[in-house]
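Heads up: the structure comes next, in structure tokens.
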Amino acid sequence: MILFRHAPSLSHGYARTFFTLPSFNSTLQTFRESKVFPYKKEELFDVVSNVSTYSRFVPFCTGSRILNASTRNEMEPFTMDAELTVGFLSFNESYISKVTCVPYSSVEAVASSSTPLFKTLSTIWRFEPCPKGSSRKDYSNSTLVTLDLSFAFASPVHAAVSSAFFGQVSKQMVQAFEDRCSKVYQSTDSHHTVLP
């Protein structure tokens with residue numbers, strides 16, 4: 001039980017409480033991670049755009065399934081609606097994202113407005129050729145990957161609980177995708193072996 005003691009109102013209409021609870025309003029938080037991966041952008045795009053496998057390796061993703069998808073034609077952009085389930089601590093929530101994939105360039109996922117967990121959630125993965133000044137010996141087979149993550153929780157409870165660790169999620173996501181690429185495209189010297 002939390003008790004509040006209200007001070008008498010002042011002539012300007014101000015009141016003060018004895019205890020002040022922290023404000024866990026759901027302000028928009030943004031994070032950016034960039035990293036050079038030793039894979040071609042086509043390989044990276046194929047892993048990131050394969051949303052149905054996210055529950056196997058993405059941190060806090062406990063379920064992932066495609067609800068509907070447009071037909072994929074070579075280099076044309078395609079879209080899908082995906083249901084993702086996120087679990088952390090004692091919370092387990094599902095939401096639907098509209099995913100737009102531009103082959104070998106980007107994958108953008110935006111949560112629908114009817115999401116109970118997020119007021120807003122957007123992730124954008126971008127794939128660019130590795131800069132020539134890179135420290136990688138073989139920059140022609142390397143890709144600069146950038147992840148932009150922005151979100152605001154719908155519930156102050158979720159915002160309060162996640163505030164301690166959610167800032168690390170973008171780093172964990174990039175690492176999870178790197179680990180997934182390593183598993184899918186097991187390196188053997190100068191070429192990759194593709195696994196199912």
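Remember, predicted model here, so these are calculated numbers, not experimental data. Positions are given from 1 along the sequence.
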Min side-chain heavy-atom separation T120-F151 under 4.5 Å: no
Gap between atom OG of S97 and atom CG of L84 - 0.5 Å precision: 5.5 Å
Euclidean distance, W125 CH2 relative to D148 CG, rounded to 0.5 Å: 10.5 Å
pair V58-F177: side-chain heavy atoms closer than 4.5 Å: yes
Expected output: side-chain S105 to main-chain V102 donor-acceptor under 3.5 Å: no
V107 side chain near V99 side chain, heavy-atom distance below 4.5 Å: yes
Check ion pair D46-R72 (N to O, under 4.0 angstrom): yes
V48 reachable from Y104 in the ILVMFWY side-chain graph, under 4.5 Å edges: yes
CZ-CG distance between F57 and N50, expressed to the nearest 0.5 angstrom: 7.5 Å
Worked check of side chain to side chain contact (heavy atoms under 4.5 Å, CB included) between L67 and I96: CA-CA 9 Å; L67 302 176; I96 297 174; 3.7 Å; yes
Inter-residue atom distance E128.CD - S34.OG, 0.5 Å rounding: 8.0 Å
Just list the side-chain donor-acceptor pairs under 3.5 Å for residues 59-66, sequence neighbours left out, or say none.
unit_1, atom_1, unit_2, atom_2, d
T62, OG1, T85, O, 3.4
T62, OG1, N92, OD1, 3.4
S64, OG, V51, O, 3.4
S64, OG, S52, O, 3.0
S64, OG, Y54, N, 3.4
S64, OG, S55, N, 3.0
S64, OG, S55, OG, 3.3
R65, NE, E83, OE1, 2.7
R65, NH2, E83, OE1, 3.0

Polar side-chain atom of T143 near backbone of K41 as donor-acceptor pair, under 3.5 Å: yes
Min side-chain heavy-atom separation K40-F127 under 4.5 Å: no
Side chain proximity check, T146 to R32, heavy atoms < 4.5 angstrom: yes
Stepwise side chain to side chain contact (heavy atoms under 4.5 Å, CB included) test for L144 and C130: CA-CA 5 Å; L144 174 63; C130 186; 5.5 Å; no
Close side-chain approach of T53 and R180, heavy atoms under 4.5 Å: yes
Atom pair CZ/CD of F153 and Q29 - distance to nearest 0.5 Å: 7.5 Å
Presence of salt bridge, K35 and E178, under 4.0 angstrom: yes
From E108 atom CD to S122 atom OG, the distance as rounded to the nearest 0.5 Å: 5.0 Å
L121 side chain near L149 side chain, heavy-atom distance below 4.5 Å: yes
For F78, ring-ring contact (aromatic ring centres under 6.0 Å, His included) partners two or more places apart: none
E76 side chain to N73 backbone, donor-acceptor under 3.5 Å: no
Parallel, tilted or perpendicular: rings of Y185 and Y39 (30°, 60°): tilted
Side chain proximity check, I124 to L147, heavy atoms < 4.5 angstrom: no
Sidechain-backbone polar pair: S49 side chain, C101 backbone, donor-acceptor under 3.5 Å: no
